[in-house]
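We name chains A, B, ... by the order of the sequence lines, and we start the count at 1 in each one. These numbers were taken from a predicted model, which means no experiment stands behind them.
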2 protein chains.
Amino acid sequence: MHSEVVASRSADQRDSRESRNGTPQLDAVSLAIIEQLQEDGRRPYAAIGKAVGLSEAAVRQRVQKLLDQGVMQIVAVTDPLTVGFRRQAMVGINVEGDVESIADALTDMSEVEYVVMTAGSFDILAEIVCEDDDHLLDVINKRIRSLPGVRSTESFVYLKLKKQTYMWGTR
Amino acid sequence: MHSEVVASRSADQRDSRESRNGTPQLDAVSLAIIEQLQEDGRRPYAAIGKAVGLSEAAVRQRVQKLLDQGVMQIVAVTDPLTVGFRRQAMVGINVEGDVESIADALTDMSEVEYVVMTAGSFDILAEIVCEDDDHLLDVINKRIRSLPGVRSTESFVYLKLKKQTYMWGTR
DNA sequence: TCCGACCTTGCGGATTTCGCAGATTCGGCC
DNA sequence: GGCCGAATCTGCGAAATCCGCAAGGTCGGA
């Protein structure tokens with residue numbers, strides 16, 4: 001799933017420097033391009049180039065590279081509630097044994113929208129998006145708690161989503 | 001000539017009406033358009049039209065309306081860690097008194113990326129995005145814990161982001 | 001000095017976007 | 001049923017954008 005970084009990377013690709021975890025290092029210009037696309041994901045390359053001081057072709061290449069590397073993706077985001085998913089919850093999970101393998105198992109579930117390994121009284125936090133209460137109950141009780149290595153879970157059902165931003169760097 | 005999947009438009013529901021909470025009601029075609037744009041936010045209108053059985057112009061109008069209504073937004077999303085924000089945390093908060101006013105105060109903080117009111121042992125969950133440990137410590141201890149009405153907080157510092165999807169409806 | 005990575009400029013052609021006018025459909029109303 | 005207004009869809013040019021490609025320039029590292 002994260003293989004795209006190393007995938008078709010024969011000789012033409014050039015990440016000058018990578019930090020040791022494999023994530024490419026971004027310069028100020030790429031940052032500025034990302035900011036432009038965070039404001040409007042369909043903004044034309046020429047307009048972005050004017051804003052960041054690059055030619056249209058250069059912007060096009062950088063955007064393509066950022067997408068190929070998986071640094072960013074350009075997508076439509078919605079409020080799940082308006083699209084018909086009425087129940088959401090954050091689930092805190094405690095694990096005995098290999099945390100990462102549990103996290104991988106959660107990642108494979110389509111109802112799980114967000115998985116992060118944390119320090120603190122939970123090992124993993126996972127966000128779940130479901131259509132109704134039955135569906136949510138099924139995912140938590142049947143699918144998650146039954147994973148071998150899951151010691152305990154605690155659920156926080158969403159009552160109201162107050163804020164949801166995608167504008168890192170724009171501040 | 002175009003007898004596609006969405007053929008039978010006779011009893012089709014094209015209501016642009018609103019359900020009682022003010023959020024517009026989406027029909028199957030708009031759903032399909034959103035799904036297309038969740039896969040690729042820059043997909044051309046003609047390609048979307050071919051996929052959902054509409055003309056290019058019709059797709060364009062519907063997309064524009066969805067954007068105007070705020071049902072969806074087309075943006076670039078990134079992994080904050082690769083964009084220079086090295087410290088993230090989820091903070092569970094317990095409140096005495098009015099929960100919503102505390103949630104509003106959190107919403108106004110630029111470092112707070114995500115705010116949701118929940119049922120369970122926390123009243124509010126808030127995701128924080130910071131540049132370093134000092135910044136994170138400052139936000140949690142100085143800014144959040146000092147809000148009048150905040151009874152207690154518990155922090156979960158992110159170690160590794162495993163999954164981040166924006167594909168509701170695509171399954 | 002050579003080479004690789006990257007940017008720029010320029011160029012056409014294919015594709016896409018955009019605005020608008022004319023159909024078509026829907027829902028309400030008599 | 002029949003009529004009307006609003007919303008929606010379609011078709012179609014014109015303008016803008018995308019996309020690949022080539023030649024040349026710059027910079028820094030081996």
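- In this structure, the CG atom of B:L54 is 18 Å from the P atom of D:dA7, given to the nearest Å.
- Looking at heavy-atom distances under 4.0 Å, A:A58 makes contact with sugar-phosphate atoms alone, never a base.
- Here the closest heavy-atom approach between residue B:M109 and residue B:L147 is recorded as CE-CD1, 4.1 Å.
- Applying the salt bridge (charged side-chain N to carboxylate O under 4.0 Å, His left out) test to pairs two or more places apart or on separate chains, none has a residue in residues 115-126 of chain B.
- Sorted by first and then second residue, the salt bridge (charged side-chain N to carboxylate O under 4.0 Å, His left out) pairs with a member in residues 140-150 of chain A read A:E111-A:R143, A:D138-A:K142; sequence neighbours excluded.
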Under 3.5 Å, which N/O atoms of the protein pair with N/O atoms of nucleotides 14-18 of chain D?
residue : atom : partner : partner atom : Å
D:dC18  : OP1  : A:Y45   : N            : 3.4
D:dC18  : OP2  : A:Y45   : N            : 3.2

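- Using a 4.0 Å cut-off, no side-chain N or O of B:K65 falls inside it from OP1 or OP2 of D:dA7.
- B:Q69 places its CD atom 9 Å from the P atom of D:dT8, with the value rounded to the nearest Å.
- Atom pair B:L37:CG and C:dT16:C1' shows a separation of 15 Å (rounding to whole Å applied).
- Put simply, CD1 on B:I48 is 12 Å from P on C:dC18, counting in whole angstrom units.
- The CZ atom of B:R62 sits 19 Å away from the C1' atom of C:dT17 (whole-angstrom rounding).
- As judged by a 4.0 angstrom heavy-atom cut-off over every strand, A:G53 is placed among residues touching the sugar-phosphate backbone only.
- Not a single donor-acceptor pair under 3.5 Å links the side chain of B:K163 to the backbone N or O of A:V115.
- Summarising the geometry, the separation between CG on B:L67 and P on C:dT17 is reported as 13 Å, rounded to the nearest angstrom.
- Distance, B:K50 NZ to D:dC9 C1': 17 Å, rounded to whole Å.
- Put simply, the side chain of B:R42 gets close to the backbone of A:G41: a donor and an acceptor are under 3.5 Å apart.
- Of the possible donor and acceptor atoms, one in the side chain of B:N94 sits under 3.5 Å from a partner among the backbone N and O of B:S121.
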